[in-house]
Trainee: 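Submitted below is the structure of interest, expressed as structure tokens.
Owing to the predicted nature of the structure, the values given are computational and were not obtained by experimental measurement. Start at 1 and go down the list; that is how both ligands and their atoms are numbered.
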Amino acid sequence: MKKLFIVANWKSNKTKSEALQWFQELSTLNSQLLTLIGKEIIVCPPFTLLATFNETITKLQLPLKLGAQDISPFNEGPYTGEVNGRQIKEFADYVLVGHSERRRYFGEDEKMINKKLEMATKNGLTPILCISSIEQILNSQFPASPAGGSILNLVVAYEPVFAIGTGNPDTPKNADNIARVIKEKNDVASVLYGGSVTAENVKSFTTMPSIDGVLVGTASLDSHEFLQIITNS
Ligand code: PGA
């Protein structure tokens with residue numbers, strides 16, 4: 001059975017008290033069951049909540065992993081406002097890189113994205129590289145890992161812009177075709193689909209042969225809906 005990734009991207013949402021409330025509701029999750037059925041549940045909250053999340057996951061023994069939504073392209077140093085890989089690694093195992101909102105609102109280009117991939121790998125984080133078209137992956141030149149060779153275990157999330165936050169997902173068939181082409185590229189371990197995933201449609205994506213999971217934005221903010229997504233996936 002394939003390992004399924006269910007990733008929550010909270011974007012710029014939730015205060016600490018709202019996050020704790022979400023956790024309480026989610027604590028009905030059964031860790032043993034999830035391990036057995038091979039689902040990796042990853043939550044990517046804003047930076048301000050990573051430390052709280054980390055403590056709560058340990059305290060409530062929740063079967064969740066943490067991811068950051070972004071990473072500095074630099075090491076530590078005089079880069080006001082940036083959070084670097086070593087700081088993220090204190091709390092998280094994953095990091096989203098190149099989300100279409102970062103590309104669109106913050107002007108991230110391939111060069112910047114490659115620097116971020118490099119920083120993630122250097123600090124022992126698994127990057128989840130977000131792309132919105134097949135060209136973006138075919139044109140990308142992944143940086144070499146610091147240990148030599150290419151980045152290992154790269155997870156790619158295919159998220160077409162028309163599907164993000166619109167309630168208008170891509171078709172599972174099209175997403176699966178694209179996932180298959182992406183996997184032909186070296187270094188890609190897993191491909192996720194993202195864009196208007198809900199409890200209702202999740203299974204139509206996760207049962208496709210080349211899709212290894214989903215990246216969920218809006219629907220992950222509601223603990224009940226997210227729990228249902230995990231169950232239905
Ligand atoms: P959405 O967002 O689920 O709200 O469409 C997905 C994403 O941007 O990761």
Side-chain angles (χ1 to χ4, degrees), residues 4-14 18-19 22 26 39-47 49-50 53 64-71 88 92-108 112-113 116-117 120 125-134 136-137 140 154-176 178-179 182 188 190-208 211-233:
L4 266 192
F5 291 84
I6 313 292
V7 187
N9 175 12
W10 278 11
K11 309 191 181 185
S12 188
N13 289 292
K14 292 203 194 288
E18 288 164 351
W22 184 93
L26 212 82
K39 294 183 189 179
E40 176 98 334
I41 317 297
I42 304 161
V43 184
C44 305
F47 284 126
L49 297 174
L50 277 179
F53 257 63
L64 300 175
K65 295 279 174 59
L66 279 180
Q69 296 175 17
D70 190 23
I71 181 171
I88 294 170
D93 294 314
Y94 292 88
V95 61
L96 301 180
V97 175
H99 190 281
S100 65
E101 287 151 10
R102 300 287 325 162
R103 297 178 196 247
R104 180 168 165 208
Y105 299 121
F106 304 97
E108 290 194 5
M112 172 68 78
I113 288 165
K116 292 185 173 193
L117 287 174
L125 295 159
T126 301
I128 302 175
L129 173 64
C130 304
I131 56 143
S132 48
S133 71
I134 196 82
Q136 272 173 4
I137 193 95
S140 63
L154 182 65
V155 179
V156 172
Y158 162 63
E159 299 200 298
V161 173
F162 70 80
I164 295 181
T166 59
N168 177 30
D170 202 344
T171 63
K173 191 163 180 272
N174 193 44
D176 189 60
I178 289 179
I182 293 172
V188 177
S190 308
V191 180
L192 320 183
Y193 167 75
S196 297
V197 172
T198 61
E200 212 169 295
N201 66 23
V202 64
K203 204 174 182 74
S204 65
F205 291 103
T206 53
T207 47
M208 295 309 271
I211 296 179
D212 304 292
V214 285
L215 179 50
V216 189
T218 315
S220 71
L221 296 173
D222 181 311
S223 57
H224 299 286
E225 173 88 4
F226 190 58
L227 202 54
Q228 206 55 54
I229 286 174
I230 296 169
T231 313
N232 294 357
S233 60

Trainee: Tell me the side chain to side chain donor-acceptor pair (under 3.5 Å) pairs involving residues 213-227, sequence neighbours left out?
Mentor: E25-S223
Trainee: Are there any N/O pairs under 3.5 Å between ligand 1 and the protein, and if so, what are their distances?
Mentor:
{"unit_1": "ligand 1", "atom_1": "2 (O)", "unit_2": "K11", "atom_2": "NZ", "d": "3.3"}
{"unit_1": "ligand 1", "atom_1": "3 (O)", "unit_2": "G217", "atom_2": "N", "d": "2.8"}
{"unit_1": "ligand 1", "atom_1": "4 (O)", "unit_2": "T218", "atom_2": "N", "d": "2.9"}
{"unit_1": "ligand 1", "atom_1": "4 (O)", "unit_2": "T218", "atom_2": "OG1", "d": "2.5"}
{"unit_1": "ligand 1", "atom_1": "5 (O)", "unit_2": "G165", "atom_2": "N", "d": "2.6"}
{"unit_1": "ligand 1", "atom_1": "5 (O)", "unit_2": "S196", "atom_2": "N", "d": "2.7"}
{"unit_1": "ligand 1", "atom_1": "8 (O)", "unit_2": "K11", "atom_2": "NZ", "d": "2.7"}
{"unit_1": "ligand 1", "atom_1": "8 (O)", "unit_2": "H99", "atom_2": "NE2", "d": "2.8"}
{"unit_1": "ligand 1", "atom_1": "9 (O)", "unit_2": "H99", "atom_2": "NE2", "d": "3.3"}
{"unit_1": "ligand 1", "atom_1": "9 (O)", "unit_2": "E159", "atom_2": "OE1", "d": "3.4"}
{"unit_1": "ligand 1", "atom_1": "9 (O)", "unit_2": "E159", "atom_2": "OE2", "d": "2.7"}

Trainee: Nearest 0.5 Å please: distance from the SG atom of C44 over to the CZ atom of F53.
Mentor: 9.5 Å
Trainee: Among N9, V214, I131, L215, exactly one meets side-chain contact (heavy atoms from CB on, under 4.5 Å) together with E159. Which residue is that?
Mentor: L215
Trainee: Passes side-chain contact (heavy atoms from CB on, under 4.5 Å), D93 versus E40? Steps please.
Mentor: CA-CA 12 Å; D93 294 314; E40 176 98 334; over 6 Å; no
Trainee: Identify the residue among Q228, K203, K39 that makes a side-chain hydrogen bond (donor to acceptor under 3.5 Å, both in side chains) with S233.
Mentor: K39
Trainee: Taking the six-membered ring for Trp, are Y158 and Y193 parallel (under 30°), tilted (30 to 60°) or perpendicular (over 60°)?
Mentor: tilted
